[in-house]
Amino acid sequence: MSDTTLHHEEGQRERAAATKPWYKRLSLTTWIFIALVLGVLCGLGLQSNPDFADTYIKPIGTVFLNLIKMIVVPLVVFSIMTGIISLQDIKKVGAIGGKTVAFYMITTAFAVVIGLLFANVLHVGGGYTLPASELTYEAKESPSFIDTLVNIFPSNFFQPMADATMLQIIVIALVFGFGIIAAGKKAEPVVHFVEGMNEVCLKVMHGIICFAPFGVFGLIAPVIASNGPDVLLPLLWLILVAYLAMAAHLVVVYSGMVRALGKMSPIAFFRGIAPAFLFAFSSASSVGTLPMNMDCTRKMGASKEMTSFVLPLGATINMDGTAIYQGVCAVFIAQVFGIDLTVQQQLIIVLTTVIASIGTAGVPGSGMIMLAMVLTSVGLPVEGIALVAGVDRILDMMRTALNITGDSACCICIDSMDKRKKQKKSQKAQA
């Protein structure tokens, strides 16, 4: 095709874009950001009447989240199966899975160290005191490692789907994906069905995502209305320190890994992940953000089979944001109670957090369960969780956004490494 033709087609596209109404020329990211700002302003205006926000605005966000949750289970099942089928080699699935889990555990360790560092240097609990008699928190019982391991494997095919138990759903998809590879040519009708259903799920997902700005508005406004600045002021320093630590993890760890392993500009990466980041921040749901995260990561160049395998796994076991939350909150609670954590105790916090990030995967309220485990491991009072429980939703927003960004960074890095490996093999074969 000639340069003249290319310029002509480009000019036609620009003219077509210029004739669109202004609201159609704005990107989805821009609309989500506008919805986020409007939601905050609306929430501030409704602080005197939070019941109105809960009754009439929150349902908008709830409906959107319900639609997202509806598509997540079939999307995860068929996307993972499609990813495994496309890899066509059980050994290759194991190799990619091993790299993915190692990436997630390493970044989680970095995250909790950064959280501890910021909390200690900035003295996160300084100047905040509360009589111990006012602290009440009943910790949920955390599952043992053996129970977690056993519960990963479902005894029923349909129950995990109904309960959206993500680890069990991933196991089901893996088992059937491997079965399809093993069956060979006889499974070709099943392959066509799985790939067809995956495309259907993607189309449904794209349709739902179009309504993301409305969902973001409906989710954020009630949170601000119920937890206005007056409520947040006593714990503002805790929130600020946690957010600074998470921002540092984004800028230092993810930028470095995306640049070194993913061979991508960090600016391009953060621009590409922006829609998913904003939605995760508003919804505080890693699994709920999964469809949008898959879409953003594919647009950044990651292969379909890689996003189909790495991202659902990350939505379940990757908890970098939660790890920073553990470190900051543990130091905060220790300082409020006048307890100095030793270097050894802080190393125990790092180890416990890394293990717990997988051990509590898929458990509702896993952040609080993990914090109870961390506090117990270093002898801090579990009742201290009551200090942060009131602002947990605000902290959860940023830690969820960080979690899904970590999933996407891992996917970009693993995909780039895999492509370079294929290229080297191809060059050796040609030599």
Side-chain angles (χ1 to χ4, degrees), residues 61-87 90 93 97 100-101 143 147-183 187 189-209 211 215 276 279-280 283-295 304-319 358-366 369 400 403-404 407:
T62 303
V63 167
F64 180 70
L65 268 187
N66 286 345
L67 289 172
I68 288 287
K69 290 174 182 177
M70 174 196 73
I71 195 60
V72 160
V73 170
L75 181 66
V76 168
V77 170
F78 291 112
S79 67
I80 287 181
M81 289 174 71
T82 302
I84 291 171
I85 292 166
S86 62
L87 292 172
I90 294 174
V93 175
T100 302
V101 173
D147 287 342
T148 301
L149 191 63
V150 171
N151 290 335
I152 286 174
F153 299 93
S155 59
N156 184 289
F157 180 89
F158 296 103
Q159 196 63 44
M161 311 287 181
D163 296 338
T165 310
M166 296 309 297
L167 271 179
Q168 292 187 353
I169 289 170
I170 288 173
V171 168
I172 289 172
L174 287 171
V175 169
F176 278 85
F178 291 145
I180 291 169
I181 292 175
V190 181
V191 171
H192 294 313
F193 171 77
V194 169
E195 291 176 345
M197 283 301 299
N198 187 50
E199 286 300 318
V200 170
C201 290
L202 289 173
K203 292 298 182 184
V204 173
M205 175 194 77
H206 288 308
I208 294 171
I209 286 174
F211 294 94
F279 179 71
S283 66
S285 172
S286 292
V287 174
T289 312
L290 179 59
M292 188 176 289
N293 200 17
M294 293 174 77
D295 187 52
K304 185 184 288 187
E305 58 265 26
M306 204 62 71
T307 57
S308 298
F309 181 76
V310 174
L311 293 181
L313 187 62
T316 308
I317 70 171
N318 182 40
M319 294 189 177
I358 295 177
T360 59
V363 178
S366 59
I369 292 176
T400 302
N403 287 345
I404 68 98
D407 299 344

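One distance of note links OG1 of Thr100 with CG of Leu313; it measures 6.5 Å at 0.5 Å rounding. The distance from atom CG of Leu311 to atom CG of Asn318, rounded to the nearest 0.5 Å, is 10.0 Å. Summarising the geometry, atom CE belonging to Met292 is positioned 5.5 Å from atom CZ belonging to Phe279; distances are rounded to the nearest 0.5 Å. From Ile208, atom CD1 reaches atom NZ of Lys203 across 14.0 Å, with rounding to the nearest 0.5 Å. Note: Gln168 CD to Asn156 CG = 9.0 Å, rounded to the nearest 0.5 Å.
Under the side chain to side chain donor-acceptor pair (under 3.5 Å) criterion, Gln159 pairs with Asp163, sequence neighbours left out. Legend: residues meeting side chain to side chain contact (heavy atoms under 4.5 Å, CB included) with Val175, ordered by chain and number and at least two apart, are Val171. With sequence neighbours excluded, the residues forming a salt bridge (charged side-chain N to carboxylate O under 4.0 Å, His left out) with Glu199 are Lys304, listed by chain and number. Take Ala280 and apply the side chain to side chain contact (heavy atoms under 4.5 Å, CB included) test, not counting sequence neighbours, and it matches Thr289, Thr400, Ala401, Ile404. Among residues two or more places apart in sequence or in another chain, the ring pair (Phe, Tyr, Trp, His ring centres under 6.0 Å) test is passed with Phe157 by Phe176. Applying the side chain to side chain contact (heavy atoms under 4.5 Å, CB included) criterion to Asn66, with sequence neighbours excluded, gives Thr62.
Contact detail for Glu195 and Ile85: the closest heavy-atom pair is OE2-CG2, 4.5 Å. Heavy atoms only, all atoms of each residue included: Pro291 and Ile71 are closest at CG-CG2, 4.3 Å. Pairing each heavy atom of Ile172 with each of Pro160, the nearest pair is CD1-CG, 4.0 Å. Closest of all the heavy-atom pairs between Cys201 and Phe78 is SG-CD1, 4.1 Å. When all heavy atoms are compared, the tightest approach of Ala187 to Ala183 is CB-CB, 3.6 Å. When every heavy atom of Met161 is checked against every heavy atom of Val73, the shortest pair comes out as SD-CG1, 3.7 Å.
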